[in-house]
Every structure is written in C-alpha cells, then in structure tokens.
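Atoms considered below: every heavy atom in the structure, side chains included; atoms not considered: hydrogens, waters and symmetry mates.
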Amino acid sequence: MEMGNLFSDVESDDKARILELRSLLKEYNRLYYVNNAPVVSDFEFDALMRELQELERQYPDMADNESPTQKVGSDITKGFRQINHRYPMLSLDNTYNEGEVMDFLNRVKSLLGDEPFELCCELKFDGLSISLIYNDGRLVQAITRGDGVKGDDVTDNVRRISSIPQKLEGNGWPSSFEIRGEILMPWTSFERLNMEREAQEETLFANPRNAASGTLKLQNPDIVGQRQLDSYLYYLLGDNLPCDGHYENMMTAKAWGFKVSGDMRKCSSITEVMEYIKYWDTERKNLPVATDGIVIKVNSLRQQEKLGLKAKSPRWAIASKFQAEKALTRVESISYQVGRTGAVTPVANLEPVQLSGTTVRRATLHNKDFMDNLDLHIGDMVWVEKGGEIIPKITAVDVSSRKTGADAKALFISVCPECGAELVRYQGEAAIYCPNSSGCPPQIKGRIEHFISRKAMDIDGLGPETVDLFYRKGLVRDFTDLYSLDSESISILDRMGDKSAENLMSTIADSKTVPFERVLFALGIRFVGEVVAKNLARAFKSLEALGKATYDELVSVDEIGDKIAKSVIEYFADFRNRTVIDRIYAIGLKTELSEEQLASGGDGVLSGKTIVISGVFTHHSREEYKEMIEANGGKNAGSISAKTSFVLAGDNMGPAKKEKAIQLGIPLMDETEFIKMLKKN
Ligand code: IVH
C-alpha cells in the first residue's frame with residue numbers, strides 16, 4: 001500500500017473514532033445522569049474522554065461545540081421545570097497521578113505570573129451537584145446541574161433534606177446569593193434502601209450517587225423526605241461575598257447554617273497537597289458518605305477570576321481521583337454470556353465479598369485473551385475492583401496463594417453454552433463468537449431488544465422480560481414478528497392487562513414512521529452504529545441501493561472504512577438477512593429517505609452547507625436544531641471559519657463568535673428565519 005493511502009486511511013479511521021467516541025460518551029453520560037445506571041467505571045469513562053480530547057487536538061477541523069469534551073453531561077429529566085443558571089455549572093478536570101497535579105500547580109503559577117497563591121484542598125463528594133439560591137436569608141430555588149446552562153427545578157424535593165437550611169442563621173449574608181454543593185445518600189441509608197428494594201423485587205441502585213440522583217428526581221417530595229438525603233456545600237457565588245478567600249467564605253457559610261465539610265484544608269505547598277491526598281486515600285473508607293477524590297482549588301477568588309474558565313471546567317481547580325477500591329476473594333466458577341452479536345463474554349462467579357459499600361458476587365473477564373493473560377485457575381484468589389458500574393472486574397490473580405494440586409488453568413469454552421454451536425474467532429477481533437445467529441436464543445432476543453431500543457425503532461413498553469416472554473411463548477422469533485402480533489395474542493400473556501397491550505400495539509404501529517436511517521441502525525448490522533447508519537442512508541438513499549453497493553462504493557462514503565464495508569456486504573449476502581429484509585418491505589417500514597430529502601437530491605435543503613449554532617434559543621433546543629440541520633443534509637460545525645455557510649444565531653451569541661462572523665462576512669440567521677426556510681422547502 002502506498003504511504004498516501006495509508007495516511008488517509010489512518011485519518012479517516014481517526015475521524016470515525018472521534019464520532020464513535022462522541023456518541024459513546026454521550027450515551028454513557030445519559031446512562032449516568034438520566035438513567036442513574038452507569039455501565040462503565042469513572043476511570044474507563046475518563047480514559048475515553050482523554051482519547052477523544054487527544055484526537056480532537058490532532059484534528060481541529062473536527063471541532064464541535066456539542067462534543068462531550070466541550071459540554072457537561074446533562075441530567076435534565078422530563079417532568080421538571082427548567083431554569084437557567086445565573087453562572088454556568090461546570091465540571092472539573094480529572095487527574096489520576098501526582099505528575100498531573102504538579103502540572104496543574106505549575107500552570108496556575110505561570111498564569112498568575114509567579115504571584116504567590118494559596119490552595120484549598122477538600123473532599124470530592126460523589127453525589128449530584130445542586131445549586132441553591134437564597135434571597136433575604138431564605139431558600140427560594142434549588143436547581144440541578146442539568147446541561148450546565150439550565151437545570152431542573154427540584155426545590156420542592158430539596159426542601160425535604162434536613163441538612164439544607166430553609167432559613168439562615170446568624171447574620172451578614174448577602175441579600176441574594178447562590179451556594180453550590182453535593183446531595184448525597186449516606187452509606188447506611190443506601191444499604192437500607194437497597195435491602196427494601198430487594199425485598200420488593202425492585203431493581204437495586206448501583207451506588208449511593210445513583211440512589212441520591214434517582215431520589216431527587218422523584219415527583220413525590222414525601223418519599224424524598226423518607227430517603228434521608230444529606231448534603232455538603234462547597235462553593236459560594238454572588239456579588240458582595242464576605243471574603244476574598246474560598247475557604248473563609250465556606251467557614252462563614254457554615255456559621256449561616258450550611259453543612260460544610262470540616263475536612264477542608266488550606267495548603268501552600270505541593271508536599272501538603274500530596275499529604276492530604278495520601279491521607280484521604282485510605283481514610284475515606286471511614287466516612288459516612290461516598291467520595292471519589294479530592295479537589296484542589298486556588299483559594300483567592302480574585303486569582304480564580306484571573307485564571308478564568310475553559311469550556312466545561314475552571315482553570316483554578318482540579319480533581320485528583322482516588323484509584324478504585326480493591327478486595328481479595330476466591331473464584332468459584334466461570335460462566336459465559338452470549339450477547340446479541342454472538343460475542344461470548346466470560347464472567348467469574350466469586351465468593352461474595354464487600355467492596356465499596358456493596359456485596360460483589362460476579363466480575364467480568366472481558367474476553368478470551370484477557371482470561372488467558374490472567375492465567376486464572378478455578379479456586380484462585382483474585383483482586384477485584386469496582387468503578388461506578390454494577391459488574392466489577394478482576395485486575396490480578398494472587399498467584400502466591402495458589403496451592404499445589406490446584407485446578408488446571410481455566411480454558412475458554414469451545415461450544416456455545418446456549419445453543420451448542422461451535423464457537424469461532426474472526427480475524428483481528430478479540431471476541432469469540434457463536435456463529436449460530438438465527439438459532440441461538442440470547443442473540444435472537446438481543447437483536448429484538450436492539451431493534452426496539454430508543455435510538456432505533458423506539459418501541460416503548462417492551463422490556464427485556466417481555467421480549468423473553470414473547471420469545472418463550474413462540475410469539476416473536478425475530479423482530480419482524482412484532483408486526484404480526486395482535487392485541488389478543490398479547491393480552492393472553494398473564495403479565496399484561498388490556499391497556500398495556502393496546503398501548504404496545506399502537507407504539508409498534510407508530511414505529512412504521514421511523515425514518516430510514518434509524519431502521520437501518522435497528523437492523524443491528526455489525527459495526528453499523530447510529531452515525532454510520534446515517535451516513536450510509538444519505539449516501540445510498542435506500543435499503544435496496546445499499547444492498548447492491550460494492551466494496552468500492554461503500555468505502556468511498558464518509559467515515560466508512562474496510563471493516564464496516566465488509567460487514568455490510570456480509571450482511572446482505574446472507575440469505576437469512578435477505579428474508580428479514582423482504583419482510584421489512586412487506587410490513588412497510590421506511591426503507592428509503594423521505595420525499596423531502598429525495599426532492600433535493602437526497603440530501604435536503606441544507607445540502608453542502610456548514611452551519612454553526614450559537615447562542616440561546618426559544619423554539620427548539622440546540623440538540624434539536626442540530627438534528628434539523630442534519631436531517632436536511634447540512635453539517636453542523638463547532639467553530640466559525642471561512643467554510644461556514646451561515647451562523648444560526650440565538651440570543652446572547654458570544655461576542656468573539658459574532659466578531660469573527662462579521663470579519664469573515666458570514667451571514668447570521670435567527671431561528672424564526674431558519675424555521676421559515678426549512679418549512680418553505
Ligand atoms: S467545585 C467549577 N468542590 O464534582 C466546579 N466540586 O466532577 C465547581 N464535586 O460538578 C465544583 N465535591 O458536582 C467542587 N469539593 C468539591 C466537590 C465538587 C464534589 C462535584 C461537583 C462537580 C463535579 C465535577
């Protein structure tokens with residue numbers, strides 16, 4: 001291969017990876033902040049975020065102000081009024097080692113022009129952040145972080161948290177100010193709550209953070225009151241604050257009745273900071289609430305202002321995260337789980353052990369290579385670690401405790417535990433697969449679950465248990481069978497009353513209007529995620545054309561490389577998939593771009609246009625505008641350049657952006673004009 005080709009392959013892989021990481025991190029943020037059910041540890045999340053930051057640095061033309069590197073994850077939930085924050089609610093940069101803490105201190109030193117500065121070290125509480133607004137000494141509003149710009153109004157719920165004062169004590173508070181902090185569920189309340197939930201057969205909360213967040217988003221303040229939430233406040237904002245020192249302000253706030261941690265310390269040397277970190281690394285286990293690191297802040301507010309803010313974090317603070325807690329326990333056996341793509345994941349069954357406040361019974365072993373490298377023998381003592389997710393992982397085997405005559409090395413299975421098919425390994429892949437995609441139950445059920453998921457066909461009211469039930473009763477063997485269900489056959493299922501059967505029938509019928517690109521995503525073709533499906537739909541315009549596309553035609557599409565092209569060709573070559581596709585046509589799902597998109601050459605009215613979104617809008621959210629741009633064939637970019645076609649400008653557009661647009665002669669369009677233009681076309 002020539003170097004030129006190699007280079008462009010690397011570049012297009014990197015760019016595809018950027019898009020993949022953005023969509024992955026957005027999904028992880030949603031699962032964490034909205035569903036309160038994280039699937040990866042903070043450590044893994046931070047590693048992916050760093051990878052994205054690095055790639056975005058290498059490819060500045062891929063800049064996008066909607067990227068998770070530029071925006072905090074949003075906790076906005078249906079059912080609450082949203083309120084704009086007076087000051088944006090930012091996040092913190094994370095570090096995991098001493099070197100990065102040093103880098104932070106050196107950066108501060110140089111930005112302050114060698115002016116002396118004091119630091120304040122404090123615990124990083126692992127709950128959910130809250131902004132409390134006080135007028136004339138009374139609590140008037142409590143808002144969650146939301147997307148950083150606006151958050152949910154949870155005042156009624158927050159009034160039920162006893163450590164948050166409704167009315168301040170003492171005197172000297174500014175007539176209007178904001179105080180921010182963390183809402184937490186203490187370990188003891190968390191354990192009690194999960195025990196109650198277990199007894200009621202309700203899903204358990206993975207950790208106290210999720211429990212606190214889930215509780216605060218309840219629509220019933222009485223239950224919030226019973227759940228015994230607590231709080232720690234760590235940030236005072238407003239005009240006329242009592243002192244220039246952050247630490248001093250917090251001590252004053254304590255005298256007004258706020259719960260402020262007694263473990264905040266002022267430090268003036270790196271040695272003191274490191275001692276603080278080291279002390280709390282072990283001592284945190286004795287705290288009544290969860291913490292996930294320590295926060296180091298420049299103490300003077302004047303200096304904080306001088307250092308300023310970045311897109312989603314201040315330059316005057318940094319978090320040093322604790323390494324995950326570990327525990328030693330015994331491996332009793334290994335089970336194997338088969339996913340929707342047929343990938344087989346080994347899971348270790350452990351002797352139960354207490355770790356980070358919960359009992360751990362299972363740990364993932366990821367894949368065959370991971371298992372082989374661990375050199376695991378059944379009966380071995382192993383170290384397990386837990387991040388934010390429910391399933392922890394094995395990080396090491398304690399070989400020294402292995403007895404002579406112990407079981408032989410655990411070997412990966414060779415046949416599928418679910419259907420008995422011989423397992424295979426595809427070249428260049430870490431996973432081992434069960435190839436029996438049309439006859440292996442978890443694969444069939446997994447594909448149906450993917451098909452109905454929110455970003456695919458969005459068929460509400462069908463959970464994994466119902467899919468399982470339909471499958472076992474022989475009602476649904478692949479996702480096309482969903483469309484032949486009648487309400488009678490559904491309602492005979494004892495778990496469903498008539499009402500839910502009817503609702504389900506109508507959501508299934510409604511899904512026939514889901515646009516082609518989402519239908520394509522719903523098919524579950526290997527490596528065809530949301531973004532790739534969108535690109536393929538735009539390029540080929542119909543399922544029929546995509547099915548006939550050659551390898552060369554496929555790889556000439558934006559972000560489509562060798563791996564995806566081969567997978568698409570393989571999918572359409574399989575006669576079983578062709579049968580599914582025939583049925584999709586018969587059902588009447590959308591298998592081509594809409595009339596509007598086709599009328600303008602398949603791409604829509606904004607085809608070939610690059611649009612920057614800036615400012616605050618009233619008719620639609622930024623995310624919705626972004627979707628509208630893409631649906632009409634345009635490209636949404638993060639920053640203004642000579643290539644920008646126009647700026648979709650809302651209120652309070654940043655002055656720097658405005659100036660740049662004027663300088664480059666780029667037109668600004670307001671939202672009414674924009675909506676009119678789309679309607680006209
Ligand atoms: S200061 C501009 N101090 O950590 C950022 N945050 O990962 C101001 N957090 O959103 C936040 N303990 O929810 C600060 N002692 C502490 C904290 C703390 C926990 C949370 C906070 C923030 C998140 C960032």
Side-chain angles (χ1 to χ4, degrees), residues 72 74-77 79-91 120 122 125 127-184 212-213 215-222 224-225 229-261 264 297 299-302 304-305 309 314 316-317 616 618 651-652:
V72 301
S74 173
D75 70 28
I76 287 178
T77 318
F80 288 95
R81 189 163 66 117
Q82 267 127 49
I83 298 195
N84 281 332
H85 290 297
R86 181 165 167 209
Y87 311 93
M89 247 174 127
L90 302 178
S91 170
C120 179
E122 46 198 83
F125 294 104
L128 74 149
S129 37
I130 193 79
S131 166
L132 306 173
I133 297 170
Y134 285 80
N135 284 344
D136 298 321
R138 285 176 190 275
L139 172 67
V140 290
Q141 221 160 38
I143 318 170
T144 67
R145 183 167 80 173
D147 62 8
V149 176
K150 56 183 182 318
D152 287 338
D153 178 352
V154 289
T155 317
D156 292 341
N157 284 345
V158 165
R159 289 196 195 282
R160 304 300 178 101
I161 303 175
S162 59
S163 65
I164 293 182
Q166 306 267 345
K167 193 168 166 285
L168 301 185
E169 298 162 13
N171 51 46
W173 56 76
S175 61
S176 171
F177 70 92
E178 195 170 329
I179 190 162
R180 292 182 180 171
E182 208 78 353
I183 291 187
L184 301 141
S213 170
T215 300
L216 204 67
K217 293 295 179 88
L218 291 172
Q219 298 288 354
N220 185 339
D222 289 337
V224 179
L229 296 175
D230 201 355
S231 68
Y232 277 102
L233 284 309
Y234 46 64
Y235 192 16
L236 195 61
L237 295 110
D239 306 323
N240 309 318
L241 298 185
C243 319
D244 175 62
H246 158 70
Y247 177 86
E248 290 74 12
N249 276 331
M250 292 320 300
M251 292 306 135
T252 316
K254 198 172 193 168
W256 298 338
F258 290 107
K259 187 153 178 179
V260 174
S261 164
M264 291 171 67
K297 299 176 180 170
N299 196 50
S300 152
L301 302 193
R302 182 186 58 77
Q304 287 186 1
E305 203 164 323
L309 311 171
W316 45 261
V616 183
T618 37
D651 288 341
N652 303 329

Could you report the tightest heavy-atom contact between Ser261 and Phe125, atom names first, then the distance?
CB-CZ, 3.8 Å
Report yes if the distance between the aromatic ring centroids of Tyr87 and Tyr235 is under 6.0 Å, otherwise no.
no
His85 side chain near Asp147 side chain, heavy-atom distance below 4.5 Å
no
Which pair of non-hydrogen atoms, one from Pro242 and one from Leu236, has the smallest distance, and what is that distance?
CD-CD2, 4.3 Å
Check: Arg159 side chain, Leu139 main-chain N or O, donor-acceptor pair, under 3.5 Å:
yes
Looking at Tyr232 and Leu184, would you say the former's side chain and the latter's main chain have a donor-acceptor pair under 3.5 Å?
no
Considering non-hydrogen atoms only, spot the tightest contact between Met264 and Cys120 and give its length.
CE-SG, 3.7 Å
Mark yes or no for whether Thr77, through its side chain, and Asp75, through its backbone, hold a donor-acceptor pair below 3.5 Å.
yes
Under the 3.5 angstrom rule, does the side chain of Glu178 hit a backbone N or O of Leu237 as a donor-acceptor pair?
no
Would you say that Trp316 contacts His246 through its side chain, given a criterion of any heavy-atom pair below 4.5 Å between the two side chains?
no
Closest heavy-atom pair, Pro174 versus Leu241, reported as atoms and distance to 0.1 Å, is CG-CD2, 4.3 Å
d(Gln166 CD, Tyr134 OH) to nearest 0.5 Å is 7.5 Å
Strictly distance-based, threshold 3.5 Å: is any side-chain N or O of Thr155 a donor or acceptor partner for the main-chain N or O of Ala142?
yes
Would you say the side-chain atoms of Asn299 and Glu248 include a donor-acceptor pair closer than 3.5 Å?
yes
One should read off an interatomic distance between Ile143 CD1 and Leu132 CG, to the nearest 0.5 angstrom, of 9.0 Å
I'd like to know whether the aromatic ring centres of Trp256 and Phe177 sit less than 6.0 Å apart in this structure.
yes
Note: Arg81-Asp156 ion pair, threshold 4.0 Å (strictly below):
no
Flag side-chain contact, heavy atom, 4.5 Å: Gln304 against Pro314:
no
Any Ile130 side-chain heavy atom under 4.5 Å of Val154 side chain
yes
Can you measure from OG (Ser163) to CG (Leu233) and round to the nearest 0.5 angstrom?
8.0 Å
Check: Arg145 main-chain N/O paired with Ser129 side-chain donor or acceptor under 3.5 Å
no
Please report the interatomic distance CG(Asn171) to CD(Glu169), rounded to the nearest 0.5 Å.
11.0 Å
For Asp222, look at atom CG and say whether over 12 heavy atoms of other residues, nucleotides or ligands are found less than 6.0 Å away.
yes
Donor-acceptor contact present, side-chain Asn157 to main-chain Leu216, <3.5 Å
yes
Heavy-atom side-chain proximity of Trp173 to Thr252 below 4.5 angstrom
no
Atom pair NZ (Lys150) and OG1 (Thr144), whose distance is rounded to the nearest 0.5 Å
10.5 Å
Specify the closest pair of heavy atoms between Lys297 and Ala317, including all atoms of both residues, with the distance to one decimal.
CG-CB, 4.0 Å
Indicate yes or no for a side-chain donor-acceptor contact from Asn249 to the backbone of Cys243 under 3.5 Å, with no hydrogens or angles considered.
yes
To the nearest 0.5 Å, what is the distance between OG (Ser231) and CD1 (Ile183)?
6.5 Å
